[in-house]
Every structure is written in structure tokens, then in C-alpha cells.
Chemist: 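Got a structure for you, written out below as C-alpha cells; questions coming shortly.
Indexing begins at 1, ligand by ligand and atom by atom, following the structure's order.
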Amino acid sequence: MFSKILIANRGEIALRIIRACRELGIRTVAVYSQIDRDSLHVRLADEAICIGQAASSGSYLNIPAIISAAEITDVEAIHPGYGFLAENPHFAEICQSCKITFIGPTPENIRLMGDKMAARTSMHKAGLPIIPGSANVIRSKEEALKTAKLIGYPVIIKAASGGGGKGMRICHNDLTLVSSLMTAQAEAEANFGNPDVYIEKYIEKPRHIEVQIIGDHSGHVLQLGERDCSIQRRHQKLLEESPSSVVDTKMRKRLGEMVIKGIKSINYVSCGTIEFLLDEKTNNFYFMEMNTRIQVEHPVTEMVTGIDLIKEQIRVASGEKLKIKQEDVRIRGAAIECRINAEDPDNNFMPQPGKIGTLVLPGGPNVRVDTHIYAGYTIPSQYDSLIAKLIVHGDNRQEAIKIMYRALTEFHVSPIKTTIPFHLKLMQNPLFLKGDISTHFVQDLLKEEAEIERSN
Ligand code: MV4
């Protein structure tokens, strides 16, 4: 096991990693930007080093500064958390060449999954279903039209280096397909430095289902059930839950067997997540992407499985074998996570940086709060707006929703506006209560609310 690691991140996830290290007896080094000097991760870590300016490019993305901090403090490993450098294959390579363990998968696996088309091809080869579409990059309007004719409209154009929904174009006929192709290529080039695009059949109102996995260096892999992340707005997840209300035992087993085949085929090590789109019209699910990091929503899986994913991730990175066997993994009850963002849900989720005056956190049975905020803390404008994750566990989905509602009513942040009122409404929404959701749920709900507002 490591004796000392550096955490190349900030906010709640930096705290989460420090806590795991404390329990594992590992000393921690925090790195921070100038604006984060009063952050909790700085205080909670055993050592802390300022690595640059507030802008991420000068600090949390500053590879030379982070590697220097690691060398100076003589750490054996770096945990990248999520975002920033977590899925940067170049950074993982630099760690390797400096003899520092990158707590995550190999650079090769990060690179493979970062190429959305290569990821799709490799998972298809391993036997996972993929959405019907072009096998190769679409280079001309003729190729685009041919593919569309083959799979039928509607189709979606995606950037090969994309992800997160950027640069996607939905097309319903030949005319819009031809005109969208050029704009999609230009957008892909502008956003990802790669103009390559491909085409898939467009699945209307799918559910976003993802499966958590972890693998060790001896080839032992586990699948830890699914999370339903359909409640999102503009590709930003707002709520995640496990299990999904639409996945039954049979489908869970099938999903699990598939992801295990998929990750074994690439000798995957560390935590990872395989994303699927579920077409509720046909009950078909399709591989979409793989995320090669620990994710924001990992706690919902921790709550239903009782497995500490961060501790296991650090253990396998240090070369230890996973002690848990697949047959010992049980999904117990239901867990929900609400993302509490410093955003105004009544004003287009506008970010709300600024100083927190009063803060009251919820508590009681089956409630977990992962947060880095405190009364008097100033939320900087430079980073994402996540200020807390409220996670609950109940015997079933209905109980979990009741606990979440109760916990949300206890949660007070002022004068900063947050997504708490949005979540309170969600916990009382009849469709949400029924589990009748899709990736379009939030958009439809907000549209409906806006129409009611206008007619008043
Ligand atoms: C799709 C799709 C429907 N059909 N692909 C969005 C993010 C990117 N990773 C892939 N995404 C989608 N791909 C086909 N063929 C719908 C989406 C999508 C979506 C997916 C997951 C979660 C939220 C979403 C919101 C809008 C669209």
C-alpha cells in the first residue's frame, strides 16, 4: 500500500479521497489554486501546495506544477478525481515516466475510450450491442446519405472525439442531414481539434443507464449494478439513482455479463463506468461510452453495495487484489443522489458564485452529505457549480424519495441560490414518483413550467 499520495483535484471529491486515505493510513498532499487557499481540502490534507492561479489552466490542469508538487513532497501516487486531468492519457503517461502511480486505468485504455468511435468498435467486437450506424468516419455527403438510407431517419451526427453531447446534430431528412454535416464537422474541429464525425440511428427519449465496474491487476473484475442518470439538463446530471426502476434482475444480469466481457477484452484496471442508452420502446440497450474515471455519482453505488469505491480504487492501484467476489455483490434497497449546485433554477440555472452566510446541513438516518462548503466559504466563479451531493438510502425507491424529500427540507444555504428547490419539486412530481423518466424529462418539465408561467 502507498504511504503518501497527492490529490490533483479540489472540492468535494478532494475531501472524499482524503477521507478514504485517512482510513487506509495513507498521508495526503493537497494541491490548490490561489483562490482555493481557504478550501477544506487544503486544511484536511497532511500537506498542501499552491500550484497556480485560479484559472484551471494555470492550476488543476497545470501538469508541470502538479508533477513538481508530487516530486517535492515525494508521493508514490496521484489521484486525479474526476474532471481536470482524470481522463488525460498524456498526464497518465507523464506520471508513469516519473515513476508515480496514476490512480486510474492505463494511458492506452484512457486513449481508447476517449476516441468515441474506437470505443464503440472495440466494445462491439467484445459482443456489446451498439446503436446501428456508420462503421467509419463520414467524409462526404454521399456517405452520410447512404448511411441514413440504410438505418433510416431520424439519425444523429456525433463527433468522433466528442462526448458530453457537444457537437451532436439530429437530422430527420436528407436535406437537414446534408446541411448539418458541414456544421457538425466544423463544430467538432472547433471543440475537439478533430473534424471527424459519425452517424447513428437517433433513439428518441432514451434512458441513460450506466454500470459501475472495477478491475484489478490480476484480471479480476466486478460489476456493481447500474445507475439511472436520466435526470439531466443540457448533459449535466442533476440526480442519479440505483437501481434503475426499469432494469429488472434479468436485464441487470445481462448488462453485467456484457460489461464484464467488455472490460476484460481491454484488460481494464481501476474504476470505470459503461454508459448505455436504453430504448424503452423496444427494451433494447446499446453501449454508448465508457468513462475511465471515478464519477461524481459513485456514492449511489456505494450506498446500495456497501463497497467503498475510492478505497478499492486506491487498493487496486497499489497492486492489491480485489477481495470481493462477484457473487458477494448484492444490491440492497435504493439510493438517490441530488446534486446541489450553486445555480438559480428559476433563472436558467445561472451560476451563483459568492459567499455563503448561513449553512444548515441535513442529517439523520440514511443520509450522507459529500461537500466541501462551510458557513463563510466563498464559492469561486472559476470552477463547476457543484457545492454538495446529498445522498440517501432507503429500503426501496419510494422510501428513498421520502428520505430525500425530508433531507432536502432540512438543507439551508443562504443567501446563495441553489438547486434545492428544483429537487424538492422533483421529489413531488407524479411522473418522477412513478419512475416515468427519460433524458428529456427535465427539458419537458421546464418547458411546461415556462408555459404555465406565461399564461399567468
Ligand atoms: C444519443 C442519443 C440518442 N440516440 N445517441 C448525449 C451525450 C452523448 N454522450 C451521447 N448522447 C446521446 N446520444 C443516439 N444514437 C441521445 C443522447 C442524449 C443523451 C444521452 C445520455 C444522457 C442524456 C442525453 C441527453 C440528450 C441526448
Chemist: Give a yes/no verdict on whether any heavy atom in M168 is under 4.0 Å from an atom of ligand 1.
Modeler: yes

Chemist: Any chance the side chains of H41 and E12 put a donor and an acceptor closer than 3.5 Å?
Modeler: no

Chemist: Mind checking whether K158 contacts ligand 1 via backbone (N, CA, C, O), side chain (CB onward), both or neither, at a 4.0 Å heavy-atom cut-off?
Modeler: side chain

Chemist: Please state which protein non-hydrogen atom is closest to atom 7 (C) of ligand 1 and give its distance, to 0.1 Å?
Modeler: G165 N, 3.5 Å

Chemist: Tell me, please: is K116 in heavy-atom contact with ligand 1, that is, under 4.0 Å?
Modeler: no

Chemist: Identify the protein heavy atom lying closest to atom 22 (C) of ligand 1, giving its residue, its atom name and the separation to 0.1 Å.
Modeler: H208 ND1, 3.3 Å

Chemist: State the atoms of ligand 1, each with its element, that fall below the 4.0 Å cut-off from a heavy-atom position in Q232.
Modeler: 23 (C), 24 (C), 25 (C)

Chemist: Heavy atoms only: give me the nearest R120-I131 pair and the separation to one decimal.
Modeler: NH2-O, 2.7 Å

Chemist: Looking only at distances, can you tell me whether any N or O atom of K201, backbone or side chain, sits closer than 3.5 Å to an N or O atom of ligand 1?
Modeler: yes

Chemist: Please write down residue, atom name and distance for the protein heavy atom closest to atom 26 (C) of ligand 1.
Modeler: H235 CE1, 3.5 Å

Chemist: What part of H440, side chain, backbone, both or neither, has a heavy atom within less than 4.0 angstrom of ligand 1?
Modeler: neither

Chemist: Run the numbers on R368 and E337 for salt bridge (Lys or Arg N to Asp or Glu O under 4.0 Å), then give the verdict.
Modeler: CA-CA 9 Å; R368 166 175 168 183; E337 170 178 282; over 6 Å; no

Chemist: Ignoring hydrogens and geometry beyond distance, is a side-chain donor-acceptor pair present between T292 and E87 at under 3.5 Å?
Modeler: yes

Chemist: Would you check whether E289 has a nitrogen or oxygen atom less than 3.5 angstrom from a nitrogen or oxygen atom of ligand 1?
Modeler: yes

Chemist: State plainly whether the residues K417 and D346 are in salt-bridge range, i.e. N to O under 4.0 Å.
Modeler: no

Chemist: Is a side-chain donor-acceptor pair under 3.5 Å present for T273 with E210?
Modeler: no

Chemist: Are F276 and H208 near enough that their ring centres are under 6.0 Å apart?
Modeler: no

Chemist: Look at atom CD of Q398 and say whether more than 12 heavy atoms of other residues, nucleotides or ligands are closer to it than 6.0 Å.
Modeler: no

Chemist: Please work out which of D279, L277, N291 has its closest non-hydrogen atom nearest to atom 2 (C) of ligand 1.
Modeler: L277

Chemist: When rounded to the nearest 0.5 angstrom, what distance separates CD1 in I310 from CZ in R16?
Modeler: 5.0 Å

Chemist: Which atoms of ligand 1 sit under 4.0 Å from any heavy atom of I131?
Modeler: 14 (C), 15 (N)

Chemist: Quick test: of every protein heavy atom, which one is nearest to atom 10 (C) of ligand 1, and how far off is it to 0.1 Å?
Modeler: M288 SD, 3.4 Å

Chemist: Looking at every heavy atom in both M168 and H235, which two are closest together, and how far apart are they?
Modeler: CE-CE1, 4.0 Å

Chemist: Show the atoms of ligand 1 that are less than 4.0 angstrom away from any heavy atom in T439.
Modeler: 21 (C), 22 (C), 23 (C), 24 (C), 25 (C)

Chemist: If I apply the N/O under 3.5 Å rule, does I203 come out as touching ligand 1?
Modeler: yes

